[in-house]
Amino acid sequence: MMAAAAAIVLIMLVAFCLSGCAGKQYKVDYCGAEFCYEGAKEAYRAGQEVEVYFTLIATDTDYSFYLDGEVIDFDYDDSKGYIIRFTMPAHDVKLECEAVNSMEYGSLLWEGEADVMLLDLYWAETAAEGSKESREYVITTTEDPDQVRLDMYAKEGGEEETCTSFSIPYGNADALLRFVYDNGLDTWNDLEEWVSIDGTQTVCKFWNGEGHVRVSTDRMPEDGEKTLDELFKLLEGCVQ
């Protein structure tokens, strides 16, 4: 009788341990670029199949992905981007993306100088007066070469404009500037044929290594508005 009771207790202890291990989650360090991965979660259970999509894909760029320093294979889908899959081990992991870009777009480094504006994206209604809405994201360098400041401004209707500041990795700013140059925003002012829109205006200013370039929806290619909308989504992803 006692042996049977002991066996039951042992089975219960084993089941408890197994359930506890199965329920424990381990973190994924995306190296500050979680906003680039669609479907990314902060943590997964050991043995769980992880699948994320890398969507911030630039032209003339070769990508490699590393899990804890080891090269990891990936697939590609036209609608999803790069598909990264791996089985979550029983420990925290680091997922890194290495992008080698053959396109030259000037030095984006500021050599330690603080308060250099790297990117400013602004949208506002132009038809309404007084109660118009607007939003703006501004990325500025700091004294820390690994971190930049992201200021988010928002104005809703007749309310006062609000400002919220975040500290984000410099790698995020570099990825956003790559998006700007890889989508040719630096050529908009030289377009011979261009379009503009009414009712709203979007203005983008960005660093080119020596100064700032300003482009807007007043002079853009046909797909320019879509490109700027995608840039807004990427910036929003930095603060979510």
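Quick note: residue numbers are just sequence positions, from 1.
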Sub-4.5 Å side-chain heavy-atom contact between Tyr181 and Asn208: yes

Heavy atoms of other groups near Asp77 CG, more than 12 under 6.0 Å: yes

Same cluster (ILVMFWY, side-chain, under 4.5 Å), Trp123 and Val203: no

ILVMFWY network linking Met152 to Leu121, side-chain heavy atoms under 4.5 angstrom: yes

Can you list the other members of the hydrophobic cluster that holds Val138, where links are side-chain heavy atoms under 4.5 angstrom apart? Met117, Tyr153

So among Glu125, Glu236, Glu156, which one has a salt bridge (Lys or Arg N to Asp or Glu O under 4.0 Å) with Arg135? Glu236

May I ask you to list the residues sharing a hydrophobic cluster with Tyr53, side-chain cutoff 4.5 Å, ordered by chain and number? Ile83

Keeping the roles fixed (side chain from Thr55, backbone from Cys36), state whether a donor-acceptor pair exists under 3.5 Å. yes

Transitively linked via ILVMFWY side-chain contacts under 4.5 Å: Phe179 with Tyr122? no

Side chains of Val28 and Lys41: does their closest heavy-atom pair fall under 4.5 Å? no

Would you check if the side chain of Thr141 reaches a backbone N or O of Val116 as a donor-acceptor pair within less than 3.5 Å? yes

When rounded to the nearest 0.5 Å, the distance separating CG of Asn183 from CH2 of Trp188 is 8.5 Å

Are any non-hydrogen side-chain atoms of Leu67 and Lys94 less than 4.5 angstrom apart? no

Lys132 side chain reached by Thr126 side chain, heavy atoms, under 4.5 Å: no

Can you check whether Val71 reaches Ser64 side chain to side chain, under 4.5 Å on heavy atoms? no

Determine whether the side chains of Gln147 and Ser167 contain a donor N or O and an acceptor N or O closer than 3.5 Å. yes

For residues 223-235, which side-chain N or O atoms pair as donor and acceptor with protein atoms under 3.5 Å away, sequence neighbours left out?
unit_1	atom_1	unit_2	atom_2	d
Thr227	OG1	Asp223	O	3.2

Sequence neighbours left out, what passes ring pair (Phe, Tyr, Trp, His ring centres under 6.0 Å) with Tyr44? Give chain and number order. none

So, Thr200 side chain and Ala124 main chain: donor-acceptor pair closer than 3.5 Å or not? no

Could you give the distance from CG (Asp174) to CG (Leu119), rounded to the nearest 0.5 Å? 11.5 Å

Once rounded to the nearest 0.5 Å, what's the spacing between atom CD of Gln25 and atom CD of Glu42? 9.0 Å

Distance (rounded to the nearest 0.5 Å) between Thr142 OG1 and Arg149 CZ: 8.0 Å

Is there a chain of hydrophobic side chains (I, L, V, M, F, W, Y, each step under 4.5 Å between heavy atoms) that links Tyr30 to Val93? yes

Do Tyr170 and Asp146 have side-chain heavy atoms sitting under 4.5 Å apart? no

Just wondering, do Ile72 and Ile84 contact through their side chains at under 4.5 Å, heavy atoms? yes

Taking the inter-plane angle between the rings of Tyr37 and Phe54 on a 0 to 90° scale, is it parallel (under 30°), tilted (30 to 60°) or perpendicular (over 60°)? perpendicular

Phe65 side, atom CZ; Phe86 side, atom CZ - distance, nearest 0.5 Å: 12.0 Å

Side chains of Ser196 and Asp218: any donor to acceptor distance under 3.5 Å? no

Option from Val180, Leu177, Leu150, Thr140 for which side chain to side chain contact (heavy atoms under 4.5 Å, CB included) with Leu118 holds: Leu177

Working to the nearest 0.5 Å, report the span between SG of Cys238 and CG of Leu176. 5.0 Å

Residues forming a side-chain hydrogen bond (donor to acceptor under 3.5 Å, both in side chains) with Arg85, sequence neighbours excluded: Glu51, Asp75

Would you say Asn189's side chain and Val215's backbone share a donor-acceptor pair under 3.5 angstrom? no

Verify the neighbour count for atom CD of Glu49: are there more than 12 heavy atoms of other residues, nucleotides or ligands below 6.0 Å? yes

Under the ring pair (Phe, Tyr, Trp, His ring centres under 6.0 Å) rule, collect the residues that match up with Tyr66, sequence neighbours excluded. none

